[in-house]
S.K.: 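After the structure tokens below, expect a handful of questions from me.
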There are 2 protein chains.
Amino acid sequence: MELRHLRYFVALAEELNFGRAAARLHISQPPLTRQIQQLEEIIGARLFLRSTRGVELTTAGKTLLAEAQRILGMVKVAEERTGKAARGQIGRLDVGIFGSAILNHIPRLLLEFRNQYPEVEIALYPMTKAEQTEALRAHQITVGFNRHVPTEPDIVVETVHFEPLVIALNRKHPLARQKSIRITEIVDEPLILYPRNTRVSFAHDVLNLIRSAGGVPNVVQEVTDVVTAIALVASGFGICVTPQAASSLKLPGVIYRQIKADPPPGIELACLYRRNDESPILGAFLDIMRRLPPA
Amino acid sequence: MELRHLRYFVALAEELNFGRAAARLHISQPPLTRQIQQLEEIIGARLFLRSTRGVELTTAGKTLLAEAQRILGMVKVAEERTGKAARGQIGRLDVGIFGSAILNHIPRLLLEFRNQYPEVEIALYPMTKAEQTEALRAHQITVGFNRHVPTEPDIVVETVHFEPLVIALNRKHPLARQKSIRITEIVDEPLILYPRNTRVSFAHDVLNLIRSAGGVPNVVQEVTDVVTAIALVASGFGICVTPQAASSLKLPGVIYRQIKADPPPGIELACLYRRNDESPILGAFLDIMRRLPPA
DNA sequence: TCTGATGATACCTGTCAGGTATCAATCCAT
DNA sequence: ATGGATTGATACCTGACAGGTATCATCAGA
């Protein structure tokens with residue numbers, strides 16, 4: 001049996017007249033007669049009762065009509081869905097995220113993707129950087145987000161977003177009068193380090209920055225969250241280096257200053273995916289990611 | 001798109017190798033290559049990633065695979081179901097029944113039909129004889145059962161079952177010594193008539209029998225149910241003419257005797273259906289009905 | 001009885017599915 | 001490196017068959 005048989009059958013079942021059905025199918029009447037006869041032979045049952053003033057469905061014909069309409073509908077849906085899948089408009093995007101990475105750029109990105117591809121399901125999996133690489137290789141996730149930038153041959157690492165670091169300091173601090181501050185100017189300053197006890201974070205970058213400027217980090221306090229860190233700055237405990245996003249946290253007595261350096265120190269949010277991944281959903285996602293304007 | 005495309009696609013998606021898939025389909029490899037290319041053109045999307053050591057499904061291909069398998073499954077089911085419908089193995093049989101008619105032959109018949117055609121749903125509608133004819137014409141029922149035998153040009157009436165009438169009488173009655181009794185012998189006997197107040201019943205037949213034998217019915221009591229009638233016979237009120245089925249009701253002092261006549265008087269259970277009804281379910285039902293041995 | 005509508009049949013033709021032969025690309029064993 | 005084996009793609013031919021035209025048989029209705 002071929003879909004042609006079903007298409008012809010449905011047309012005839014709806015018109016109940018060979019001539020009209022044939023016209024609707026843009027063929028002549030004899031081929032339609034033959035195809036219907038053939039279908040009846042394939043099924044092994046008479047589907048129509050013919051008379052000189054039209055045709056009528058048999059019980060078997062009525063049964064097949066319902067089935068045929070469902071099948072033809074499914075074929076249409078299958079064509080559309082397959083096309084959509086090819087264009088990345090349906091399916092699922094599995095995203096590996098690394099804890100705090102979700103706080104900055106990513107929500108906007110996912111929101112934009114969801115708006116443009118509403119039929120793509122987005123699944124988020126919190127996992128470490130090592131787990132992300134592994135999960136990518138095992139096809140458990142399609143993209144991973146991470147701050148770190150490792151280099152693996154089969155995994156592409158693409159920078160999504162660069163967020164400069166800023167220095168938070170008390171308004172009474174002498175350096176507060178400057179628009180921007182050099183790292184060398186703060187090497188001896190009492191430092192509030194955040195976050196603490198986290199395996200990989202920009203805290204390491206901050207310490208390295210100071211060391212490479214020839215200083216010895218003078219950590220007076222380690223805290224787990226950025227709010228506490230800034231509160232300590234407000235109280236005059238010391239200064240704190242944070243991502244720029246934290247500067248939206250306005251506490252009395254705290255001001256934020258850019259770091260004067262070339263290139264400016266900052267943290268990079270990177271996106272990881274398989275080098276040979278041809279998935280149209282990934283393509284669509286990367287496309288949006290690359291086009292998304294910075295906040 | 002044709003089912004051929006889907007069949008070939010599924011074979012290739014499962015084998016992931018043109019040569020093997022072609023062998024499975026009993027065709028050679030080049031036509032398969034061409035049909036798959038054609039399908040990709042119809043869908044407007046690449047379905048396979050080819051390499052020199054086999055093929056791999058794309059995202060679109062994976063989507064289509066699921067759809068195609070469902071569609072091909074449905075086609076198979078549609079063929080089977082249509083064939084079954086043609087053979088009367090699925091569908092519904094709507095039966096009109098007339099009150100007490102259900103008590104005798106019909107349960108056995110319906111049970112036998114259900115055993116042979118378990119996938120046919122049986123619906124019973126109690127209705128009068130007039131309603132049955134009407135319901136048949138309106139295609140609300142497929143068969144009706146009735147005691148009466150009207151003659152309508154478009155409705156076929158077929159006798160299902162003939163049940164002889166028997167005479168119930170007290171063991172002390174003089175006629176009780178005979179094996180069988182003539183109608184002429186009971187024309188003057190006190191008669192217990194049952195059922196009463198029923199529009200169409202064998203009670204009329206009983207009265208007509210007596211009248212045509214030259215008697216005047218001597219009705220001493222009318223009762224609504226057969227148990228009361230037989231109880232009155234046991235008490236010696238009179239005799240009663242009942243369908244043979246009632247003789248299973250054994251009360252002390254009551255004996256049943258056949259009626260000697262040619263043809264023997266009795267009641268006919270008839271089956272009604274539309275003369276032009278070609279429904280295979282009806283055909284199957286009538287077939288079973290005609291073959292069913294008497295109780 | 002004639003007419004117009006219906007579906008079926010006979011026969012022709014062009015398309016296309018499927019065949020064979022062969023190629024190009026890649027991998028693997030030597 | 002290199003030849004053989006394996007993969008999918010291409011070129012070209014052929015036969016089956018879908019679809020065309022012409023026509024028939026049947027039957028309802030005027």
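Lettering follows sequence order; numbering is per chain, from 1.
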S.K.: Within this structure, what is the OH-to-C1' distance between B:Tyr8 and D:dG8, rounded to whole angstrom?
M.R.: 17 Å

S.K.: B:Glu2 and B:Arg7: salt bridge (Lys or Arg N to Asp or Glu O under 4.0 Å), yes or no, with the steps?
M.R.: CA-CA 9 Å; B:Glu2 285 298 337; B:Arg7 294 193 186 101; over 6 Å; no

S.K.: Check every strand shown and say whether B:Gln37 touches a base, only sugar-phosphate, or nothing at a heavy-atom separation below 4.0 Å.
M.R.: sugar-phosphate

S.K.: Whole-Å distance between D:dG8 P and B:Ile36 CD1?
M.R.: 11 Å

S.K.: Using a cut-off of less than 4.0 Å, is there contact between a side-chain N or O of A:Arg50 and OP1 or OP2 of C:dA8?
M.R.: yes

S.K.: Can you check the A:Phe48 CZ to C:dA8 P distance for me, whole Å?
M.R.: 11 Å

S.K.: Taking atom C1' of C:dT6 as reference, at what distance in whole Å does atom CG of A:Leu16 sit?
M.R.: 13 Å

S.K.: Let me know, please, whether B:Gly54 or B:Pro30 comes out on the 5' side of the other along DNA chain D by nearest nucleotide.
M.R.: B:Gly54

S.K.: Can you measure B:Asn17 atom CG to C:dT26 atom P for me and round it to whole angstrom units?
M.R.: 17 Å

S.K.: Report the relative orientation of the aromatic rings in B:Phe9 and B:Phe48; use parallel for angles under 30°, tilted for 30 to 60°, perpendicular for over 60°.
M.R.: tilted

S.K.: Return no unless some side-chain N or O of A:Thr33 is found under 4.0 Å from OP1 or OP2 of C:dG7.
M.R.: no

S.K.: Taking NZ, NE, NH1 and NH2 as the nitrogens, is one of them in B:Glu112 or B:Arg291 under 4.0 Å from a carboxylate oxygen of the other?
M.R.: no

S.K.: Examine D:dT7: is either OP1 or OP2 under 4.0 Å from a nitrogen or oxygen in the side chain of B:Gln29? Give yes or no.
M.R.: no

S.K.: Would you say B:Thr33 and B:Gln29 are linked by a side-chain donor-acceptor pair, where the criterion is simply a distance under 3.5 Å?
M.R.: yes

S.K.: Base, sugar-phosphate or nothing for B:His26? Non-hydrogen atoms, less than 4.0 Å.
M.R.: sugar-phosphate

S.K.: What integer distance in Å separates A:Glu2:CD from C:dC16:C1'?
M.R.: 13 Å

S.K.: Rounded to whole Å, please give me the gap between CD1 in B:Ile27 and P in C:dG19.
M.R.: 6 Å

S.K.: Would you say the side chains of A:His161 and A:Glu268 form a donor-acceptor pair under 3.5 Å?
M.R.: no

S.K.: For D:dT6, does OP1 or OP2 lie under 4.0 Å from any side-chain N or O of B:Thr52?
M.R.: no

S.K.: State which of C:dT20, C:dT6, C:dG18 makes the closest approach to the side chain of B:Ser28.
M.R.: C:dT20

S.K.: Can you tell me the distance, in whole Å, between the CZ atom of A:Arg53 and the P atom of D:dA30?
M.R.: 13 Å

S.K.: Does B:Arg34 put a side-chain nitrogen or oxygen below 4.0 Å from OP1 or OP2 of D:dT10?
M.R.: no

S.K.: Indicate whether OP1 or OP2 belonging to D:dA18 is found under 4.0 Å from a side-chain N or O atom of A:Gln38.
M.R.: yes

